[in-house]
Each structure stands twice: as structure tokens, then as C-alpha cells.
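Counting begins at 1 with the first residue of the sequence. Nothing here was measured: the structure is a model prediction, and the numbers come from that model.
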Amino acid sequence: MLSSPRPSVIQLAIKEKAALYAAYIPLFTEGGIFVPSLRDYKLGDDVYVLLSLLDDPERYPVAGKVAWITPARAANNRTQGVGIRFPEGPKSQALREKIEALLGNLLASDRQTQTV
């Protein structure tokens, strides 16, 4: 019997609001986060992220899926890594709301991010 591979676990600490803005992916319905990584992922891979935000001592566990890949040597010197789509549910909704509250007016910015 084949078992599916265990999801990789990534710890991501975002310390600055500008870095959070660059990593947050509001295009995903439940929200998402860009994770810099040299590891090869495929779309749909399960990833478990322990996310720390700014000065908040809490770590937010996210059992998400790879929904975006920025390959090595991408255009515009973008950082290699993956976009993790948050799963559906109240925890993801609360995390999305927390991130959007932290970002505030930055959400309307047209500054470049790690994704689109």
C-alpha cells in the first residue's frame, strides 16, 4: 500500500510589514503566503507552514497547498519559492483578516510583490 508523502514543514517568520505585503497573496479566496524556498515543489503539493507575523508571539499553523511557483532565475529577479494557498475554514479566514488588518492601507498599494 502506497502512502502519500508527508507534507514538508516550513517555519516562516515575517518581521516587517513591507515583507508581509510582499509575501501575502490576496488573490486566493482564503488568502495565501509566498514562501521563499530552493526546494522543488509541484502545484498541489501539501505544505505545512508555521507562520509568525511581525511582533505577534503566536505562530499560526497553515496546512496549505502549493498554488504558485516562482522558479529559479525568474524574470525581474523574483525570489525563488512557492505560494501557499490557505485551506478553507474559519482558521484561515481569521488569519486572512489578521494579515489584512496588519497591512491596512498597504493592501491598496501598487508596489511589486513576490507574486503578481
(request) Not counting sequence neighbours, which residues clear side chain to side chain contact (heavy atoms under 4.5 Å, CB included) with T29? List them please. (result) none

(message) With side-chain contact (heavy atoms from CB on, under 4.5 Å) as the criterion, how do L50 and I10 come out once you've worked through the C-alpha distance, each side chain's angles and the decisive distance to 0.1 Å?
(response) CA-CA 6 Å; L50 289 171; I10 300 170; over 6 Å; no

(request) Give a yes or no answer on whether the side chain of K17 reaches the backbone of L102 with a donor-acceptor pair at less than 3.5 Å. (result) yes

(request) For the pair I69 and D40, evaluate side-chain contact (heavy atoms from CB on, under 4.5 Å) and give the outcome as yes or no after the intermediate values. (result) CA-CA 9 Å; I69 297 173; D40 285 331; over 6 Å; no

(request) State, to 0.1 Å, how close P87 and S92 come at their nearest heavy-atom pair, and which atoms those are. (result) O-OG, 2.5 Å

(request) Calculate, to the nearest 0.5 Å, the distance between atoms CD and CD belonging to Q93 and E30 respectively. (result) 8.0 Å

(request) Apply side chain to side chain donor-acceptor pair (under 3.5 Å) to D56 and list each qualifying residue two or more places apart in sequence or on a separate chain. (result) Y60, K98

(message) Please report the interatomic distance OH(Y24) to CD1(I99), rounded to the nearest 0.5 Å.
(response) 6.0 Å

(request) Identify the heavy atoms of Y41 and V47 that sit nearest to each other, and give their distance. (result) CE2-CG2, 3.8 Å

(message) For A19, give me all partners under side chain to side chain contact (heavy atoms under 4.5 Å, CB included), at least two apart in sequence or on another chain.
(response) I14, E16

(request) Begin with the C-alpha distance, continue with both residues' side-chain angles, and end with the deciding distance and a verdict on side-chain contact (heavy atoms from CB on, under 4.5 Å) for T70 and V82. (result) CA-CA 6 Å; T70 302; V82 291; over 6 Å; no

(message) I'd like to know if I33 and L106 are part of one continuous hydrophobic network [Ile/Leu/Val/Met/Phe/Trp/Tyr, side-chain heavy atoms within less than 4.5 Å].
(response) yes

(request) Look at the side chain of T79 and the backbone N and O of P36, then say whether any donor-acceptor pair between them is shorter than 3.5 Å. (result) no

(request) Write down the atom of R96, the atom of P26, and the distance for their closest heavy-atom approach. (result) NH2-O, 3.3 Å

(message) Looking at every heavy atom in both S52 and R59, which two are closest together, and how far apart are they?
(response) OG-CG, 3.3 Å

(message) Starting from F86, can I reach L43 by hopping between I/L/V/M/F/W/Y residues whose side chains sit under 4.5 Å apart?
(response) yes

(request) Supply the atom-to-atom distance D46 CG to S8 OG, rounded to the nearest 0.5 angstrom. (result) 9.0 Å

(message) Assigning hydrophobic clusters by single linkage (Ile, Leu, Val, Met, Phe, Trp, Tyr; side-chain heavy-atom cutoff under 4.5 Å), is V35 placed with Y48?
(response) no

(message) The test is side-chain contact (heavy atoms from CB on, under 4.5 Å); show your working for F34 and I84 and say whether it passes.
(response) CA-CA 6 Å; F34 178 81; I84 306 302; over 6 Å; no

(message) Using 0.5 Å steps for rounding, measure from the CG atom of L51 to the CD atom of Q11.
(response) 11.0 Å

(message) Could you tell me if Q80 and R73 have a donor-acceptor pair between their side chains, going purely by distance under 3.5 Å?
(response) no

